[in-house]
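Step one of this worksheet: look at the structure below.
Residue numbers count from 1 along this sequence. Computed over heavy atoms, backbone and side chain alike; hydrogens, waters and symmetry mates excluded.
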Amino acid sequence: MGDLSRALVAYAALACLIGCGDPLVVVGDAPGIVRIVAGQPEVAGSELGSRATDSYLDMPRGVAVGTEGVLYVADHRNSRLLAVEPSGAIEVLVDHSARTEEPRLRRPDGIALDSAGGLLVADPSGYRVWRLDLATGSFAPIAGTGTFGTAPDTADALAANIDAPTGIAVAPDGRVFFSEFGGHKVRTIDADGLLVTFAGTGLPQFAGDGGPALEASLKNPAGLAIAGGVLYIADFGNNRIRTVDLGTSVVETLTGAGGSGFRGDGGPAADALLDGPYSLAVPGSLRTLFIADSRNHRVRVVNLEALIIDTFAGTGDQDFRGDLLPAGETSLSGPRGLAVDPFNFLFMADTEHHIVRRTPVGFLTAP
């Protein structure tokens with residue numbers, strides 16, 4: 001079955017859901033068409049309307065989507081966390097924009113949901129990792145003191161200084177992984193609340209492919225994703241995507257030839273050039289990896305079976321070109337956050353346009 005046929009099948013499935021009254025699908029979503037779901041394009045602000053598309057965001061970064069279709073947004077410069085219902089209604093979950101006492105949320109970045117009803121938040125400017133209990137509203141740090149540093153292993157995570165936690169992911173066994181952008185490591189929080197280094201020597205360089213993750217070097221690791229027993233790392237400073245097998249702990253480069261630039265669409269992922277890969281998302285099918293190629297102002301996609309890379313969204317032009325355009329004609333500006341929901345919608349934080357967008361991608365990942 002070709003891509004067009006898959007697109008038609010996926011679109012028919014969406015139409016069926018709409019016809020059955022399922023509120024999780026909005027009429028007008030078509031394969032490959034990108035729509036704004038939160039924020040006002042090119043206008044930064046903090047005022048919220050009754051709907052997400054009537055509201056203002058300021059440099060949104062991390063995005064995550066729950067099983068019921070609720071979109072969570074790290075509204076970076078507004079120091080708050082937002083939730084957008086499938087109906088389009090928006091609410092504030094946490095707002096520390098006017099808070100002066102510690103601990104306080106500074107500039108939320110990567111976010112992820114855990115299996116116990118929690119929203120995990122990496123706060124690089126606040127030097128903390130947080131957890132929001134979505135049922136009770138309880139919000140507290142789970143790692144970091146609020147002071148810059150990079151603590152040794154086995155330190156109590158809450159008493160440990162950490163350096164610019166940026167990306168976050170949760171493994172099926174419940175382990176929390178986060179990247180230390182400034183510490184050049186990926187750390188975990190174990191079941192006893194202790195900090196453990198999983199990858200990176202702390203030296204900001206490129207080394208270690210084919211060997212143990214603890215002996216590999218990363219440079220400003222950012223976004224993380226876990227799927228199929230593999231940890232994917234956006235190795236921002238090295239302009240590469242690295243992988244670590246969670247069973248063997250062996251690290252490899254998936255895409256990125258080193259150096260910054262834009263190259264390689266339609267060819268081997270290993271030969272491509274990226275520029276500031278920031279966040280990652282893997283659909284449940286495990287067949288594709290989406291990359292927020294932030295300084296190329298694009299979202300790239302790697303076929304994980306053929307190991308071929310392409311541009312999925314973005315023209316490379318930062319000027320806002322409008323809504324409801326095909327992904328390849330949609331301009332992005334510094335995209336930072338990505339998430340794929342259970343219904344195969346890709347959400348993209350179009351950060352420097354101050355909006356969040358989405359598009360169906362089920363037609364790319366259908367069997």
Applying side-chain hydrogen bond (donor to acceptor under 3.5 Å, both in side chains) to S46 and N78, what does each step give before you reach the verdict? CA-CA 7 Å; S46 60; N78 280 323; 4.5 Å; no

Side chain to side chain contact (heavy atoms under 4.5 Å, CB included) evaluation trace for D133 with L119: CA-CA 7 Å; D133 188 306; L119 180 67; over 6 Å; no

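Counting heavy atoms from C-beta outward, L273 and R240 have side chains that stay 4.5 Å or more apart. A 4.5 Å side-chain heavy-atom check between F198 and L246 finds at least one atom pair inside the cut-off. Side-chain contact between E352 and M59 is present, with heavy atoms from C-beta onward closer than 4.5 Å. Counting heavy atoms from C-beta on, the side chains of V302 and I291 come closer than 4.5 Å. A heavy-atom distance below 4.5 Å is found between the side chains of I309 and L274. Side-chain atoms of T197 and V186, non-hydrogen and from C-beta on, never get closer than 4.5 Å to each other. Counting heavy atoms from C-beta outward, R336 and S294 have side chains that approach closer than 4.5 Å. With contacts defined as side-chain heavy-atom distances shorter than 4.5 Å, the pair S249/P212 does not qualify.
Closest non-hydrogen pair, R107 versus S79, comes out as NH1-OG, 2.9 Å. Residues P277 and A234 come closest through the heavy atom pair O-CB, 3.5 Å. Across all non-hydrogen atoms, the minimal contact from D75 to Y56 is OD2-O, 4.3 Å.
With hydrogens and angles left out, the side-chain atoms of S260 and R295 include no donor and acceptor closer than 3.5 Å. No side-chain N or O of T315 forms a donor-acceptor pair with one of S331 less than 3.5 Å apart. With hydrogens and angles left out, the side-chain atoms of T147 and N161 include no donor and acceptor closer than 3.5 Å. Counted by atom type alone, R61 and Y278 present one or more donor-acceptor pairs between their side chains at under 3.5 Å.
Using a distance-only test at 3.5 Å, with no hydrogens or angles considered, a donor-acceptor pair links the side chain of T166 to the main chain of A164. Looking only at distances, a side-chain donor or acceptor of T136 sits under 3.5 Å from a matching main-chain atom of S138. Formation of a donor-acceptor pair under 3.5 Å by the N296 side chain with backbone atoms of R298 is not found in this model.
Between R242 and E252 there is no salt bridge, since no side-chain nitrogen of the basic residue lies less than 4.0 Å from a carboxylate oxygen of the acidic one. A salt bridge links D265 to R300: at least one charged side-chain nitrogen sits closer than 4.0 Å to a carboxylate oxygen. Taking a cutoff of 4.0 Å between a charged side-chain nitrogen and a carboxylate oxygen, D114 and R131 qualify as a salt bridge.
Atoms NE2 and CG, on H184 and D163 in that order, are 7.0 Å from each other to the nearest 0.5 Å. The structure places CG of N239 at 11.5 Å from OG1 of T253, a figure rounded to the nearest 0.5 Å.
The neighbour count for E47 CD, taken as heavy atoms of other residues, nucleotides or ligands under 6.0 Å away, does not exceed 12.
Residues F177 and V196 are members of separate hydrophobic clusters, defined by side-chain heavy-atom contacts under 4.5 angstrom among Ile, Leu, Val, Met, Phe, Trp and Tyr.
Checked against a 6.0 Å centroid threshold, the rings of F262 and H297 do not count as neighbours.
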